[in-house]
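Contents: one structure, followed by commentary.
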Amino acid sequence: MPTTKNDKSLEDLFLDSLKDVYYAEKKIVKTLPKMAKAAESGEVRSAFEKHLSETETHVERLEKVFDILGKPARGKTCPAIDGILEEGSEVMADYKGTPAIDAALVASAQAVEHYEIARYGTLITWAKELGMNDAAEVLKATLGEEEATDEALSALAEGCANSRAMRQAA
Ligand code: FE
Ligand code: FE
């Protein structure tokens with residue numbers, strides 16, 4: 001690797017990743033209502049609606065972390081979440097009106113949650129590393145909700161969406 005002068009630090013990396021997840025959360029706020037609308041089962045719809053209001057809080061918590069850092073809250077395009085959501089909307093279009101639509105929606109939503117869980121886990125580790133325990137606590141509150149959502153979606157996938165899709169396909 002060529003030796004170039006680069007002074008970037010873990011704090012820069014933390015701030016960049018914060019911008020990445022801020023962009024992602026705002027995009028998820030726009031996408032969840034479409035997913036709720038596309039859901040067949042009331043249970044799946046209300047899971048998305050519940051997580052929409054949590055996601056609005058996730059955006060606010062990130063703003064709090066930017067504040068702790070003394071930086072303006074700004075997003076930075078996150079190609080990873082763009083790709084996950086793009087794939088989700090493709091699947092939504094392909095399975096609209098079919099018995100597999102809820103299974104498709106739950107699977108897409110879980111891909112989103114897993115991305116967020118990975119990101120928040122990393123951000124918490126770095127916040128602690130940087131001695132920013134108050135920021136770590138704020139981020140932990142969100143991580144807990146992402147994990148609970150993932151678990152709820154797993155239960156929905158097993159209990160309703162997947163079995164129904166399989167039954168109808170049989
Ligand atoms: Fe979130
Ligand atoms: Fe989430």
Side-chain angles (χ1 to χ4, degrees), residues 13-69 71-92 95 101-128 130 132-162:
L13 186 59
F14 180 72
L15 179 62
D16 274 340
S17 302
L18 208 61
K19 291 178 181 173
D20 169 288
V21 80
Y22 187 61
Y23 171 92
E25 292 284 19
K26 290 196 7 179
K27 194 133 183 192
I28 296 163
V29 165
K30 284 192 207 144
T31 307
L32 276 168
K34 295 178 201 161
M35 293 174 75
K37 216 178 142 200
E40 277 275 326
S41 108
E43 274 179 299
V44 173
R45 190 175 320 121
S46 51
F48 291 153
E49 282 164 356
K50 179 181 180 222
H51 198 53
L52 170 62
S53 82
E54 286 172 344
T55 303
E56 285 161 350
T57 307
H58 299 172
V59 171
E60 287 165 21
R61 288 199 189 111
L62 288 171
E63 287 164 355
K64 209 179 283 177
V65 177
F66 279 110
D67 213 49
I68 291 170
L69 277 170
K71 303 282 184 190
R74 236 178 248 145
K76 182 184 175 191
T77 305
C78 164
I81 202 72
D82 282 344
I84 291 171
L85 294 176
E86 198 186 306
E87 189 176 283
S89 65
E90 249 173 58
V91 172
M92 221 180 342
Y95 287 87
I101 185 65
D102 284 351
L105 290 168
V106 168
S108 298
Q110 280 193 287
V112 172
E113 293 316 305
H114 287 202
Y115 179 73
E116 292 182 294
I117 289 165
R119 282 300 180 204
Y120 281 104
T122 299
L123 283 170
I124 291 163
T125 304
W126 290 344
K128 285 188 202 153
L130 293 163
M132 299 172 48
N133 290 319
D134 40 355
E137 288 309 309
V138 174
L139 296 164
K140 268 194 220 167
T142 295
L143 178 60
E145 288 169 3
E146 310 292 22
E147 287 170 340
T149 301
D150 180 46
E151 278 167 36
L153 290 169
S154 287
L156 278 175
E158 284 166 21
C160 111
N162 288 350

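Position 1 is the first residue of the sequence; numbering continues from there. Values below: all heavy atoms of this structure, side chains included; hydrogens, waters and symmetry mates excluded. Everything quoted here is computed from the prediction, not taken from an experiment. When a ligand or atom number is given, it counts from 1 through the structure's own listing order.
No other N/O/S atom of E116 lies as close to the Fe ion (ligand 1) as OE2 does.
Of the possible donor and acceptor atoms, one in the side chain of D102 sits under 3.5 Å from a partner among the backbone N and O of E40.
Of the charged side-chain nitrogens involved, none lies within less than 4.0 Å of a carboxylate oxygen, so that R119 and E116 do not count as a salt-bridged pair.
Coordination check, H58 versus the Fe ion (ligand 2): failed, since every N/O/S atom of the residue sits at 2.8 Å or beyond. Because the distance cut-off is set at 2.8 Å, E145 fails to qualify as a neighbour of the Fe ion (ligand 2), as none of its N, O or S atoms comes that close.
The OE1 atom of E146, the Fe ion (ligand 2) and the OE1 atom of E113 define an angle of 70° (nearest 10 degrees).
Results of the side chain to side chain donor-acceptor pair (under 3.5 Å) test with K27 over T55, D82, T77 single out D82 as the only residue that passes.
Side-chain atoms of E87 and S108 form no donor-acceptor pair, as typed in the model, at a separation below 3.5 Å.
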